[in-house]
Amino acid sequence: MTTPVHVTITGAAGQIGYQLLFRIASGQLLGPEAPIVLRLLEIEPAMKALEGVVMELDDCAYPLLADVESTSDLGHAFTNTSWALLVGSVPRKAGMERSDLLSVNGGIFKPQGQAIAANAASDVRILVVGNPCNTNCLIARSNAAEIPADRWFAMTRLDQNRAESQIAKKVGTGVAGVKNLAIWGNHSSTQFPDFSNATVDGRSVVSAVNDDAWLRGDFLTTVQKRGAAVLEARGASSAASAANAAIDTVVSLTTPTPDDDCVSVAVSSDGETYDVPAGLTFGFPVQADGKGAWKVKSGFTLDEFAKEKIKITTDELLGERDDVAKLSLI
Ligand code: NAD
Ligand code: LMR
């Protein structure tokens with residue numbers, strides 16, 4: 001048997017965890033050839049619930065699932081891990097912005113960054129889902145200087161999927177036809193879902209939709225506020241679609257991105273690309289080579305409207321960075 005890949009999921013007994021583990025164990029994250037060891041991290045009060053989830057994993061008899069380690073110990077959770085999906089943290093309640101979670105959740109990511117640096121496999125890659133995910137990713141990365149900056153990701157893929165779905169519906173076509181849709185900046189209500197560089201069935205979205213007021217108005221705000229709308233309707237934050245987006249992110253980062261497309265994911269800014277300040281974990285259009293490397297896709301045209309929107313989300317992320325610096329988290 002091929003050597004199993006260790007995959008860590010934090011907050012494994014939570015809502016997203018429950019939607020994620022079974023898909024990963026069935027091969028949807030790393031493919032049908034990759035046996036997996038799941039390393040599941042929870043806090044002590046949730047260990048009993050996690051026991052039940054592990055029973056269910058056993059009861060699925062997944063051929064690819066080589067082992068499951070459940071733990072509340074950070075070092076054990078990240079030992080030899082190649083993919084760390086950092087989900088565990090508190091979700092927001094109705095009426096809160098994701099940034100309101102910074103003081104609650106920020107503290108989780110400093111020790112996790114340190115534990116990843118001390119215990120993970122040399123090829124580790126990290127996807128932060130727990131909110132506010134961009135700045136939580138910045139915190140973890142800042143506390144794991146040994147791990148190259150290009151291994152750290154925060155999830156804006158759910159926003160990309162939401163935006164593609166809105167556009168496909170508006171145009172009356174399949175979602176697979178929507179391409180090159182970048183989410184710039186923060187996974188928050190300031191994000192900029194970039195319709196102007198996107199295409200649908202090979203045409204520009206702007207000409208296919210032919211309704212600038214909708215693109216700059218309802219489309220934009222629907223995507224920016226979709227998390228709050230789901231939260232209000234369900235009484236709990238999105239879970240199945242979030243787990244789905246986490247899987248999409250990893251699959252997209254491990255397969256070559258077609259030339260006419262991009263992956264939306266927040267990565268560490270080098271300070272030069274598209275003039276985004278260095279070090280922020282910022283949503284960009286990314287292209288992966290399928291061998292582990294990726295680059296920010298060049299050639300996106302940003303008009304005054306886009307630049308104005310990107311400035312707003314940049315300023316928010318700079319503010320979040322100041323806040324976590326004051327809390328001594330970075
Ligand atoms: P949940 O409350 O159902 O589950 C969170 C789990 O994390 C719980 O089981 C809890 O015990 C565990 N946990 C808390 N602190 C922990 C710690 N220090 N270490 C390990 N585990 C810990 O929440 P959920 O619905 O699964 O959401 C999880 C996070 O994902 C929230 O912050 C939510 O806002 C975020 N989220 C992000 C996106 C995105 O697109 N980036 C989408 C949806 C949700
Ligand atoms: C989402 O976008 O659904 C999540 O980030 C949850 C939230 O609080 O909005």
Side-chain angles (χ1 to χ4, degrees), residues 8-21 39-53 70-78 84-116 126-137 139-140 153-163 165 183 185-191 193 222-250 264-266 281 283:
T8 301
I9 295 100
T10 72
Q15 281 203 91
I16 296 176
Y18 196 68
Q19 298 293 330
L20 197 51
L21 302 187
R39 310 191 74 88
L40 309 180
L41 179 72
E42 260 300 348
I43 49 174
E44 273 302 330
M47 289 306 285
K48 178 85 184 157
L50 185 57
E51 239 177 68
V53 177
S70 304
T71 182
S72 58
D73 177 78
L74 285 178
H76 189 54
F78 294 114
L85 309 186
L86 308 188
V87 179
S89 48
V90 176
R92 66 174 161 158
K93 308 284 178 295
M96 292 170 82
E97 285 298 324
R98 296 182 188 103
S99 56
D100 296 334
L101 294 173
L102 207 46
S103 54
V104 184
N105 286 339
I108 293 175
F109 291 85
K110 180 172 181 171
Q112 287 189 359
Q114 291 163 339
I116 291 168
I126 304 98
L127 173 65
V128 180
V129 175
N131 279 321
C133 61
N134 298 54
T135 298
N136 287 339
C137 184
I139 295 169
F153 307 94
M155 193 165 91
T156 50
R157 178 55 179 264
L158 180 51
D159 310 299
Q160 177 190 341
N161 289 349
R162 287 166 170 166
S165 177
I183 303 294
N186 205 0
H187 171 64
S188 78
S189 54
T190 67
Q191 67 179 272
T222 298
V223 178
Q224 288 175 328
K225 295 183 178 164
R226 188 66 158 189
V230 172
L231 172 55
E232 210 210 305
R234 242 170 61 81
S237 76
S238 62
S241 57
N244 179 65
I247 288 174
D248 282 351
T249 307
V250 173
S264 286
V265 62
T281 304

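Just follow the structure's listing: the first ligand is 1, and inside any ligand the first atom is 1. Sequence positions, counted from 1, serve as the residue numbers for this chain.
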**Student:** Under 4.0 Å, heavy atoms only, figure out whether ligand 1 is touched by the backbone of His187, its side chain, both or neither.
**Tutor:**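 Answer for His187: side chain.
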**Student:** Which distance, rounded to the nearest 0.5 Å, do you find between the CG of Leu127 and the SG of Cys137?
**Tutor:**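 So the CG of Leu127 and the SG of Cys137 are separated by 8.0 Å.
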**Student:** Pick whichever of Ala154, Ser89, Gly107 has a heavy atom sitting closest to atom 32 (O) of ligand 1.
**Tutor:** Ser89
**Student:** Under 4.0 Å, heavy atoms only, figure out whether ligand 1 is touched by the backbone of Ser237, its side chain, both or neither.
**Tutor:**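 It is the side chain that gets close, since no backbone atom is under 4.0 Å.
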**Student:** Indicate the atoms forming the closest heavy-atom contact of Gly130 with Ser89, along with that distance.
**Tutor:**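 Closest pair (atom of Gly130, atom of Ser89, distance): CA-OG, 3.2 Å.
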**Student:** Below 3.5 Å, N or O to N or O, backbone or side chain included: is there any such pair between Gln15 and ligand 1?
**Tutor:**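 So ligand 1 has an N or O lying under 3.5 Å from an N or O of Gln15.
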**Student:** May I ask you to list the atoms of ligand 1 that are less than 4.0 angstrom from any heavy atom of Ala46?
**Tutor:** 11 (O)
**Student:** Does ligand 1 have an atom under 4.0 Å from some heavy atom of Ala239?
**Tutor:** no
**Student:** Nearest to atom 16 (C) of ligand 1, what protein heavy atom do you find, and at what distance?
**Tutor:**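 Minimum-distance protein heavy atom for atom 16 (C) of ligand 1 reads Ile43 CG2, 3.5 Å.
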**Student:** Give the residue, atom name and distance (to 0.1 Å) of the protein heavy atom nearest atom 8 (C) of ligand 1.
**Tutor:** Glu42 OE2, 3.5 Å
**Student:** To the nearest 0.5 Å, what is the distance between CG (Asp73) and CD (Glu44)?
**Tutor:**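 Spacing of CG (Asp73) from CD (Glu44) equals 10.0 Å.
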**Student:** Going from OG on Ser237 to CG on Asn131, what distance comes out if it is rounded to the nearest 0.5 angstrom?
**Tutor:** 7.5 Å
**Student:** By number and element, which atoms of ligand 1 are closer than 4.0 Å to a non-hydrogen atom of Gly11?
**Tutor:**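 Near Gly11, meaning under 4.0 Å from one of its heavy atoms, ligand 1 has 6 (C), 7 (O), 12 (C), 20 (C), 21 (N).
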**Student:** Looking at every heavy atom in both Asn161 and Asp248, which two are closest together, and how far apart are they?
**Tutor:**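 In terms of heavy atoms, the two residues are closest at ND2-OD2, 3.0 Å.
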**Student:** Determine yes or no for a side-chain-to-main-chain donor-acceptor pair under 3.5 angstrom, with Thr8 supplying the side chain and Ala84 the backbone.
**Tutor:**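 Answer holds: no.
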**Student:** Closer than 4.0 Å to some heavy atom of Leu158 - which atoms of ligand 1 meet that?
**Tutor:**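 Reading through ligand 1 atom by atom, the close ones are 40 (O), 42 (C).
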**Student:** Counting heavy atoms only, which of Ile108, Leu74, Val129 is nearest atom 41 (N) of ligand 1?
**Tutor:**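 Among Ile108, Leu74, Val129, the closest heavy atom to atom 41 (N) of ligand 1 belongs to Val129.
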**Student:** Looking only at protein heavy atoms, identify the closest one to atom 29 (C) of ligand 1 and say how far it is in Å.
**Tutor:** Val87 O, 3.3 Å
**Student:** Considering only protein heavy atoms, which is closest to atom 30 (O) of ligand 1, and at what distance to one decimal place?
**Tutor:** Ile16 CD1, 3.5 Å
**Student:** Are any of the N/O atoms on Ser238, whether in the backbone or the side chain, positioned under 3.5 angstrom from an N/O atom of ligand 1?
**Tutor:**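 Ser238 vs ligand 1: no N/O contact under 3.5 Å.
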**Student:** For atom 31 (C) of ligand 1, state which one of Ala266, Pro91, Ala243 supplies the nearest heavy atom.
**Tutor:** Pro91
**Student:** Within ligand 1, which atoms have a heavy atom of Cys133 less than 4.0 Å away?
**Tutor:** 41 (N)
**Student:** Just need the protein heavy atom nearest to atom 4 (O) of ligand 1, so name the residue and atom and give the distance.
**Tutor:**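 The closest one turns out to be Gly14 CA, 3.2 Å.
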**Student:** For Ile183, is there any backbone N or O sitting under 3.5 Å from a side-chain donor or acceptor partner on Thr156?
**Tutor:**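 Side chain of Thr156 to backbone of Ile183, a donor-acceptor pair under 3.5 Å: no, none is there.
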**Student:** Could you tell me if the side chain of Leu41 sits less than 4.5 Å from the side chain of Ile9, heavy atoms only?
**Tutor:**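 Not in contact.
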**Student:** For Asn136 and Val128, which heavy atoms make the closest approach, and how far apart are they?
**Tutor:**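 Smallest interatomic distance, heavy atoms only, reads CB-CG1, 3.9 Å.
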**Student:** Where's the contact between Val90 and ligand 1, heavy-atom distance under 4.0 Å: side chain, backbone, both or neither?
**Tutor:**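 Looking at Val90 and ligand 1, just backbone atoms fall under 4.0 Å.
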**Student:** I want to check something: taking the side chain as every heavy atom from C-beta on, are Met155 and Val265 in contact at a cut-off of under 4.5 Å?
**Tutor:** no
**Student:** With respect to Ser189, which candidate in Lys225, Glu97, Gln224 satisfies the side-chain hydrogen bond (donor to acceptor under 3.5 Å, both in side chains) definition?
**Tutor:**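 Considering Lys225, Glu97, Gln224, a side-chain hydrogen bond (donor to acceptor under 3.5 Å, both in side chains) with Ser189 is found only for Glu97.
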**Student:** Are Arg92 and Asp100 side-chain neighbours, meaning at least one heavy-atom pair lies under 4.5 Å?
**Tutor:** no
**Student:** Out of curiosity, is Gln112 lining ligand 1, as in a heavy atom under 4.0 Å away?
**Tutor:** yes
**Student:** For the residue pair Leu85 and Leu20, establish whether any side-chain heavy-atom pair is separated by less than 4.5 Å.
**Tutor:**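 A side-chain contact exists here, since the closest heavy-atom pair is under 4.5 Å.
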**Student:** At less than 3.5 Å, what protein N or O atoms come close to the N or O atoms of ligand 2? Include the distances to 0.1 Å.
**Tutor:**
residue: ligand 2; atom: 2 (O); partner: Arg98; partner atom: NH2; Å: 2.6
residue: ligand 2; atom: 2 (O); partner: Arg162; partner atom: NH1; Å: 2.9
residue: ligand 2; atom: 2 (O); partner: Arg162; partner atom: NH2; Å: 3.4
residue: ligand 2; atom: 2 (O); partner: His187; partner atom: NE2; Å: 3.2
residue: ligand 2; atom: 3 (O); partner: Arg162; partner atom: NH2; Å: 2.7
residue: ligand 2; atom: 3 (O); partner: Ser238; partner atom: OG; Å: 2.7
residue: ligand 2; atom: 5 (O); partner: Arg98; partner atom: NE; Å: 2.8
residue: ligand 2; atom: 5 (O); partner: Asn131; partner atom: ND2; Å: 2.8
residue: ligand 2; atom: 5 (O); partner: His187; partner atom: NE2; Å: 2.6
residue: ligand 2; atom: 8 (O); partner: Arg92; partner atom: NE; Å: 2.5
residue: ligand 2; atom: 9 (O); partner: Arg92; partner atom: NE; Å: 3.2
residue: ligand 2; atom: 9 (O); partner: Arg92; partner atom: NH2; Å: 2.7
residue: ligand 2; atom: 9 (O); partner: Arg98; partner atom: NE; Å: 3.0
residue: ligand 2; atom: 9 (O); partner: Arg98; partner atom: NH2; Å: 2.9

**Student:** Considering only the protein, which heavy-atom contact is closest to atom 33 (C) of ligand 1, and what is its distance?
**Tutor:** Asn131 ND2, 3.7 Å
**Student:** Kindly determine whether Asn186 and Gln191 satisfy side-chain hydrogen bond (donor to acceptor under 3.5 Å, both in side chains), including the steps that lead there.
**Tutor:** CA-CA 5 Å; Asn186 205 0; Gln191 67 179 272; over 6 Å; no
**Student:** Donor-acceptor pair, distance only, cut-off 3.5 Å: does the side chain of Asn134 make one with the backbone of Gly185?
**Tutor:** yes
**Student:** Kindly indicate whether the side chain of Glu42, heavy atoms from C-beta on, has any atom under 4.5 Å from the side chain of Ser70.
**Tutor:** no
**Student:** Would you mind listing which atoms of ligand 1 come within a distance below 4.0 Å of any non-hydrogen atom of Ala13?
**Tutor:** 9 (O)
**Student:** Answer yes or no: does an N/O atom from Thr10 fall short of 3.5 Å to an N/O atom of ligand 1?
**Tutor:** no
**Student:** Against heavy atoms of Ala242, which atoms of ligand 1 measure under 4.0 Å?
**Tutor:** 42 (C), 43 (C)
**Student:** In Å and rounded to the nearest 0.5 Å, what is the CD1 to CZ distance from Ile116 to Phe109?
**Tutor:**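 Interatomic distance, Ile116 CD1 to Phe109 CZ, rounded to 0.5 Å: 9.0 Å.
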